[in-house]
There are 2 protein chains.
Amino acid sequence: MKYEADPEDVEPISAPQAAGGEAVLRGKATINDVARLAKVSKKTVSRVINESPFVKQKTRDTIKAVIAELGFTPDPQARALARRKSFLVGLVYDNPSPQYVVNIQRGILDALEGTDFQLVLHPCDRSKLDHVARIQSFIQQHKPFGLILPPSVSEDEPLALALNEADVDYVRIASVELDTPSRMIRTLDGDGGAAAGRHLADLGHRNIAHIHGPLSFRSTHERRAGFERALAEAGLVLRPEMAVEGGYTFEGGVVAAELLLAQPNPPQAIFAGNDEMATGAYVAVRRAGFRIPEDISIVGFDDTPIAGRLWPALTTVRLPIREMGSAAATLLLQTADGVTTKKLITFSPEIIVRGSTAAPGTP
Amino acid sequence: MKYEADPEDVEPISAPQAAGGEAVLRGKATINDVARLAKVSKKTVSRVINESPFVKQKTRDTIKAVIAELGFTPDPQARALARRKSFLVGLVYDNPSPQYVVNIQRGILDALEGTDFQLVLHPCDRSKLDHVARIQSFIQQHKPFGLILPPSVSEDEPLALALNEADVDYVRIASVELDTPSRMIRTLDGDGGAAAGRHLADLGHRNIAHIHGPLSFRSTHERRAGFERALAEAGLVLRPEMAVEGGYTFEGGVVAAELLLAQPNPPQAIFAGNDEMATGAYVAVRRAGFRIPEDISIVGFDDTPIAGRLWPALTTVRLPIREMGSAAATLLLQTADGVTTKKLITFSPEIIVRGSTAAPGTP
DNA sequence: ATTAGGATTGACACCGGTGACATTTTCGAA
DNA sequence: TTCGAAAATGTCACCGGTGTCAATCCTAAT
């Protein structure tokens, strides 16, 4: 039986703009309005919205025309309710670096632009006991379409396990293959560390130190391993007393560098595991009365904006963080299209040589 | 008529954890489950959830007990659909400084923690023609509970006008009273500028320059006005050629400072309208071969993290950005409680003296 | 011309709440 | 004890979509 809406029913709906005399954008069109005007059931409209292949081309065209005419957009809340899945993409993060976080956000937003999805922020604290439970309850309540986990949450295996149980999709951003399999964005931090080591060795430095991040971060180990590999290729070794932890923070960097400089045979060059710590090293080096890069060369990692703002500008290893965020979101949304081709996207870092490194003995 | 659910109906629901044998957290309880167990209608449960005063204390207690037992939490999507209002708080921003943005986010998240609300990010671009239309369509689609507008979107009067028409609540963060009335967080940027001017004048500087932000930002004018006021109180004037625009960016700061230093009678001190530009000034001053603070003193504004990371650390004016974000969210949520007491919260800046300023003639 | 089987489309309940309004209680005043 | 208004609670439709499954429409094969 065909849908036989009589003209009276149709008329007043066809002009949502004009309705009500005053109101112009008020009262959005709903799927019912579209169905009535297109003379089909709302279910068929629903099929068109969701790009179901089981709709005749002609019907589809008619409906699309009506949708366009009415400026109809499906209501995310209603869809979420019916599907038991919202249109939210959660960014679950605990990264201490604001720069990192902002760039990841930007990348995700780039990818989400134009889609129906919205980015919601969900900071967390891995040291809290109910850390995983909180995220679970967030998922249960808000039924996010998916989650994006940058480091170091991405390395949280108990969390990943819990997520696999829960009804969410997620993409992790990390520097290594992780135990729990999942789609992920992988960064070759080791190569970055190697690039830093090679750069310093090529400049002629022999006495090189390293300030690394917390041991609980996988990237700490990756970066250091790559760095040591490059040194080895140049016939150098990283002596144990030349490797100090700086917690990935500015203050940690200051303290770590002070420790290094206080040694009987202080380093000519320092590779810091991130820009924050490199910035801290700048301060310590200056306090100790040394010049950068004449007396001591410094290399960072991340290429956050501060790198270009220091004096001299910091030589550092860049990871395309924004692009990574974008790729993560894209990977997540694939599922929405039913296409799940790629499961892993790899990004390589690149060294950006600026003013904080020079050959030893530069006047 | 009482609700007479017979035990059989009640039993299987009472243990959502146990249901299904395997599943533990699956299948959240709904308002219907609560209603059945508490032997009341779902509407009454709804009243309790929404803290309606028209529920007898005893009934309320019973229902609350059941809610606790079941671990029931209302479904945000369903509520949103029925109320035509979601539980999202939108941060609409275009601020170029990541630091600012992150801190505002943190503040908002602080205030939202423990509530049903979620923060969604909505960056925008005021230079786009459909700028306002985009935000309108975001509102129409996602029906956010409210919006928070930091500068410079907060100063966008056409947007504010459109927002008043639309069905959203919003709080603006700005440095001045704005034409369109609305709840807002106000910062006394003028006082901050004055503090900077006073500090430099007190140190004994007479030849002081200013690098200001874009003229389209109200804060630019506020900060400058306060600065000039303080100079006047010290019997000084800001000569026109000593005021240059730096666009609130690092690069702009570099160029502006170069312009100032190239003048026949270069300044002994520079007050930059924000930390980004102050950082740019550091670079220009060094390139020109001057020392900070011995030859030239520099003051910034905002106290972003970079201020403490520079060498020497930057003397700057601090605005409690995180607290401001938190206050903005709190102001917004008042409506949720029906309590709408405050409409304006004012924050005063404070000068943080660090190493980038000294009396002229310091060796 | 018929007919089977896939291609389309529709009917209807339901997702989990809330709004408007009706009905039942409750309790102080008469 | 009785009555009426206020207090408390319930009924039922609806918010705007989607899932399930049944019904109808086609098309090629018989």
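In what follows, chains carry the letters A, B, and so on, assigned in the order in which the sequence lines appear, proteins first and then strands, with residues in each chain numbered from 1.
In this structure, the side chain of B:Lys28 engages the main chain of B:Thr73 through a donor-acceptor pair within 3.5 Å. Counting only distance, with no hydrogens or angles, the side chain of A:Ser86 and the backbone of A:His142 share a donor-acceptor pair below 3.5 Å. Side-chain atoms of B:Lys85 come within 3.5 Å of backbone N or O of B:Asp167 as a donor-acceptor pair.
The side chain of B:Thr59 approaches D:dA8 more closely than any other nucleotide in the set D:dT18, D:dA8, D:dG10. The B:Pro74 side chain lies nearest to C:dG17 when the options are C:dG17, C:dC15, D:dT9. Listed candidates were D:dG16, C:dG17, D:dT9. Nearest to the side chain of A:Ala82 is D:dG16. The listed nucleotides are D:dT18, D:dG16, D:dT9; the one nearest the side chain of A:Leu81 is D:dG16.
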Q.
Could you walk me through whether B:Phe87 and B:Phe145 satisfy the ring pair (Phe, Tyr, Trp, His ring centres under 6.0 Å) test, starting with their C-alpha distance in whole Å, then the side-chain angles of each, then the deciding distance to 0.1 Å, before giving a yes or no?
A. CA-CA 6 Å; B:Phe87 285 80; B:Phe145 175 81; 7.6 Å; no
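Pairs of Watson-Crick or G-U wobble type, with distances under 3.5 Å, assemble into runs of 3 or more in DNA chain C at these ranges: C:1-30 with D:1-30.
Side chain A:Lys42 to base D:dG17: a donor-acceptor pair is found below 3.5 Å. For a distance-only test at 3.5 Å, the side chain of A:Arg47 qualifies as a donor-acceptor partner of the base of C:dG10.
Under 4.0 Å is where a charged nitrogen must lie from a carboxylate oxygen, and between A:Asp75 and B:Lys143 at least one such pair does.
For the side chain to side chain donor-acceptor pair (under 3.5 Å) test, residues two or more places apart in sequence or in another chain that qualify with A:Arg134 are A:Asp130, B:Glu113.
In this entry the distance linking CZ of A:Arg84 with P of D:dG16 reads 19 Å, nearest Å. Atom NZ of B:Lys143 is separated from atom C1' of D:dG17 by 11 Å (rounded to the nearest Å). Atom CD1 in B:Ile31 sits about 12 Å away from atom P in D:dG10, given to the nearest Å. Atom-to-atom, CD of A:Gln141 to C1' of C:dG16 comes out at 13 Å; the value is rounded to the nearest Å. Atom P of nucleotide C:dT9 and atom CG of A:Asp61 are separated by 11 Å, given to the nearest angstrom. Put simply, CG on B:Asn32 is 9 Å from C1' on C:dG17, counting in whole angstrom units. Rounded to an integer number of Å, the gap from CG of A:Asp75 to C1' of D:dC14 is 13 Å.
Each of A:Lys56 and A:Ser46 was matched to the nucleotide of DNA chain D holding its nearest heavy atom; the match closer to the 5' end belongs to A:Ser46.
Residue A:Ile63 forms a side chain to side chain contact (heavy atoms under 4.5 Å, CB included) with just one option from A:Val48, A:Leu37, A:Ile49, and that option is A:Val48.
At a threshold of 4.0 angstrom between heavy atoms, the contacts of B:Lys43 include nucleobase atoms, whether or not backbone atoms are also involved. Heavy atoms of B:Thr73 sit under 4.0 angstrom from primed sugar atoms or phosphate atoms, though from no base atom. Among the heavy atoms of the strands lying under 4.0 Å from A:Val55 are primed sugar atoms or P, OP1, OP2 only; no base atom is included.
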